[in-house]
Protein chains: 2
Amino acid sequence: MSLRSALLTLLTAGPQTGYDLAKNFHSSVGFLWHAPDSQIYPELKKMQAEELIDGYPVPWGTKGATKTEYAITETGLQYLNTWQGQAVTYRPERSEVRLRAAYFEFADDDDARACLEEHLRHYQQVVESVHGQIRDLKDQSAAIHQRRLARYPEADHPKITRFKIFAYEGILKQAEAEISWAQDGLAMLEELTTAAQPRS
Amino acid sequence: MSLRSALLTLLTAGPQTGYDLAKNFHSSVGFLWHAPDSQIYPELKKMQAEELIDGYPVPWGTKGATKTEYAITETGLQYLNTWQGQAVTYRPERSEVRLRAAYFEFADDDDARACLEEHLRHYQQVVESVHGQIRDLKDQSAAIHQRRLARYPEADHPKITRFKIFAYEGILKQAEAEISWAQDGLAMLEELTTAAQPRS
DNA sequence: CCGCACATGTAAGATGTTACATGATTGA
DNA sequence: TCAATCATGTAACATCTTACATGTGCGG
């Protein structure tokens, strides 16, 4: 049900079409809970059926075409609040890279090293992209965030922004842990190969 | 295909019945890649059909009953080596707790705090249980690991053990990052509530 | 002879992935 | 007028979760 909550949080920033939602999703809350468009549209329909959101046609273009705009309902807001009160369900660990590392004895030396180097690169990119997100929040250049703030009293702005930054900092810490792990691993591999093949 | 690889790595420690595999799974490789029994048994059948493993009946009890024991085939070993050479597919982030934290403005103060406290507890437990795993590896009290080592030349033992410990250390670093994040979050919440309700 | 461990699953449903499909509008 | 963006999905498949189902052997 996290997808549902994620979409609702987006709609608390104001009414949007499915397309807008999908786009905003990918540039904000999607960093915390990813979903492809193909999951978003059907979910919106279901949420409308359950009256968590309200969908209505708005004109589009000149030829009388319409698109559907969605707005969160009172029920939807309650849903968010209830959700926040429920216990988080922790999914059991499933880490492909960790699994591999545990059985590197079946990998060629080059493959093991490549695996960890890739890991390093991957999380370095994560760090960069999350730093970008945090910067955008801090200097208010995130469009959806501006829209959100505009709907709340100014006194609440700091904490609303702070929560988002805090969440991103969590990803940052994870990524940094992964980077440090990969570096340790590369050092370990280095040590093992030099021990096996001492230089003459 | 990680489940498949996980099962194959287990079988490199020696032939086992489905039941043994399931049990050993939960006490070793399952920490890195979780799977319930209901996934394990069908997967074994599929792997047998594809000749990655060999299944044959062995007697059980006194009444001529049998159970099926599985052994990894040459093809299975090749599969493991190929798998290690492939690029890891990184799944996009999906973190319920991070999603919540980002939108704590919709949570009651108590719920937000409870959420982070639970997070802290959860990962403290992870740390303990992983420390246990590492200890078992270091003092050789993990049965499946002993069985594994017995099949390889003594010179390889240190690195085989080291890889497993390295993998667990990754989980440890993750968990420690989560603990630190939760603590930061609790401090943040504390600060926000005292700022909102200054003591008289 | 009773209960726990051994042994082996099935079935239904939720969730997630990947690829494909189609037409309208708008700005250069 | 042509490409990018807007708009909205469907279909097939893989994967994962949860719950249930059933019988044997062995030790006390």
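Each chain gets a letter, A, B and so on, in the order the sequences are listed, and its residues count up from 1.
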- Query: For B:Trp33, is the NZ or CZ atom of A:Arg98 found under 6.0 angstrom from the centre of its six-membered ring and inside 45 degrees of the ring axis?
  - Reply: no
- Message: What contact category does B:Thr68 fall into here, base, sugar-phosphate, or nothing, at under 4.0 angstrom with non-hydrogen atoms?
- Response: sugar-phosphate
- Task: Scan A:Lys46 against the nucleic acid and name what it touches under 4.0 Å (heavy atoms): base, sugar-phosphate only, or nothing.
- Result: nothing
Strictly below 4.0 Å: does [X] bring a side-chain N or O up to OP1 or OP2 of [N]?
X: B:Arg94; N: D:dC16; answer: no
X: A:Trp60; N: D:dA7; answer: yes
X: B:Lys45; N: C:dT8; answer: no
X: B:Tyr19; N: C:dT8; answer: no

- Item | Distance, nearest 0.5 Å, that separates CZ of B:Arg147 from OG1 of B:Thr12 | 10.0 Å
- Task: Mind checking the CD-CG spacing from B:Glu43 to B:Asp37? Nearest 0.5 Å is all I need.
- Result: 13.5 Å
Rounding to a whole Å, what distance do you find between [X]:[atom1] and [N]:[atom2]?
X: B:Ile40; N: C:dA7; atom1: CD1; atom2: P; answer: 14 Å
X: B:Arg91; N: C:dT15; atom1: CZ; atom2: P; answer: 17 Å
X: A:Tyr41; N: C:dG23; atom1: OH; atom2: C1'; answer: 13 Å
X: A:Glu93; N: D:dT17; atom1: CD; atom2: P; answer: 13 Å
X: B:Arg4; N: D:dC16; atom1: CZ; atom2: P; answer: 12 Å
X: B:Gln39; N: C:dG9; atom1: CD; atom2: C1'; answer: 14 Å

- Query: Is any side-chain N or O of B:Ser38 under 3.5 Å from a base N or O of D:dT17, one able to act as donor and the other as acceptor?
  - Reply: no
- Query: Relative to the ring of B:Tyr90, is the ring of A:His122 parallel (under 30°), tilted (30 to 60°) or perpendicular (over 60°)?
  - Reply: parallel
- Item | Residue whose nearest DNA chain C nucleotide is more 5′ - B:Thr17 or B:Pro92 | B:Thr17
- Message: Which is more 5' along DNA chain C, the nucleotide nearest A:Trp33 or the one nearest B:Lys67? Just name the residue.
- Response: B:Lys67
- Task: Could you tell me whether A:Trp181 and B:Phe166 have their ring centroids closer than 6.0 angstrom?
- Result: yes
